[in-house]
Number of protein chains: 2
Amino acid sequence: MKPSNTRTSSLTRDRGDATRQRILTAAATVLSTKGYAATRLSDIAAEAEVRTPGVYYYFASRDELIAEVMRVGQRRVREHVESALASVPDDAGPRERIRVAVEAHLRVELELSEFATAVTRNTSQLTEQVRGAQQAESDRYHRMWRTLLETARSEGLLLPDLDLGIARMLVIGALNWTPEWWRTSTDSIDVLVATAQSIVCAGLFGIPADPGDGGSTFDSMLNS
Amino acid sequence: MKPSNTRTSSLTRDRGDATRQRILTAAATVLSTKGYAATRLSDIAAEAEVRTPGVYYYFASRDELIAEVMRVGQRRVREHVESALASVPDDAGPRERIRVAVEAHLRVELELSEFATAVTRNTSQLTEQVRGAQQAESDRYHRMWRTLLETARSEGLLLPDLDLGIARMLVIGALNWTPEWWRTSTDSIDVLVATAQSIVCAGLFGIPADPGDGGSTFDSMLNS
DNA sequence: GTCTATAAGTAGATAGAC
DNA sequence: GTCTATCTACTTATAGAC
């Protein structure tokens, strides 16, 4: 029962130190605020209160560090949305589930995780190699959304002419773009969540909100 | 009537040469494909078939060159969308105008202009100074969309609980995210345009498409 | 106007002390 | 484990020939 290949095996990775975590979080912070192009290893080190070479004790290279931020960030988004969906009552329909997914995505992106923001804002700037590390997680997240939409379609709820793949990317795109303009300090995220839910539901289902759904004020919206 | 301050005045800028244009276009190409972080001046020069120092005859610095790409790109987006809107019949409603704006934005972004893509994909990565150059144009574009939405609201067409500012950013965000995933060579952009129009119109108005509008096949979408 | 040659500066990465 | 000191490579930018 030796813990042979579980830990302390690979060169300079997977030591569960607090310092390692601090560096990783610092990297997420710098990436999410300054962007990949302007992110210096020295910035990360300063943010983590370590000298620059200290990073190399935990990560083999700058790209390795950033790749791990991407993996963690993408995983957190998925886990948070999945977790939110898991707590939806079984009898809730696809519409409610999509509403929950929209909210969860926005909150993890803008409130909960600098890792998530780091992923969204920088994925397109990465080298092929670094992006590859994140691909598996990203695929998994998109599969989850695909299932959400396919379920809605199979129940005949979706607007009939929607291409599901394109619809999925447009919706996720609208959510992913929010870090580019949303300033958490200024405005209440609740209004953003409600507006996004309303537009997405109306856009996909033709009906803005679930009847009897909390917080909405739709009585007559067909009087246009 | 001397043309004193019109041209040939500033140091190394505004010479209407073909080479200058080639460098500018090359910069847009490299920026839109590789991203700001990976864009080297040498890449731009190679793409423009000039040696690296040749760039400095036309642009004072790397940032000056990139700033001009951003200005041009942002202007092209606005001009293309404005031009498309200008050819909409006067009796068309806000719904049709927004459909046209969605299509124009997508086409200039994905089909017509590498400058547009360069702007969308890299704005967030720029330094404060470079971004500033593009700000005026960007503001103008957003004012145009704001007017579109306000007109729709004043005519009572929009879904009642929408925050117009947030709605505008979500819609533009969905469009701006398309360069991150759309591969022009693979798929037909017509399907993307139709899907985006459908979702945006349904999302904002509660009704997927204008009655009697070209290309759509909506007969009954309230049978959910 | 565009080139060759090169300077100047910066950032990633390593060596080795403690 | 984390530091100081340093190396190397790369990129922007300039000088000056043609």
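It should be emphasised that the depicted structure is a prediction, and the values quoted were computed from it without experimental measurement. Residue numbering restarts at 1 for every chain, and letters A, B, ... go by the order of the sequence lines.
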For atom [atom1] of [X] and atom [atom2] of [N], their distance in whole Å:
| X | N | atom1 | atom2 | result |
| --- | --- | --- | --- | --- |
| B/R20 | C/dT2 | CZ | P | 13 Å |
| A/F59 | C/dG12 | CZ | C1' | 16 Å |
| B/D43 | D/dT11 | CG | P | 8 Å |
| B/E64 | D/dT12 | CD | P | 15 Å |
| A/Y57 | D/dG1 | OH | P | 4 Å |
| A/L65 | C/dG12 | CG | C1' | 12 Å |

Using only side-chain N and O atoms of [X], determine if any of them is under 4.0 Å from OP1 or OP2 of [N].
| X | N | value |
| --- | --- | --- |
| B/R51 | C/dT2 | no |
| B/Y58 | C/dG1 | no |
| B/T19 | C/dG1 | no |

**Study point:** Presence of salt bridge, B/E49 and B/R22, under 4.0 angstrom
**Key:** no
A cation-pi test, strictly: NZ or CZ of [X] under 6.0 Å from the centre of the six-membered ring of [Y] and no more than 45 degrees from its axis. Yes or no?
| X | Y | answer |
| --- | --- | --- |
| A/R76 | A/F115 | yes |
| B/R95 | B/F205 | yes |
| A/R51 | A/Y56 | no |

**Study point:** Donor-acceptor pair, side chain of A/E114 and main chain of A/A28, under 3.5 angstrom
**Key:** no
Practice item. Check side-chain hydrogen bond (donor to acceptor under 3.5 Å, both in side chains) between A/T117 and all other residues, then give those that pass, not counting sequence neighbours. Key: none
**Study point:** Sequence-aligned protein contact record of nucleotides 13-18 of chain C, with B where the base is within under 4.0 Å of a protein heavy atom and S where only the sugar-phosphate is
**Key:** BB----
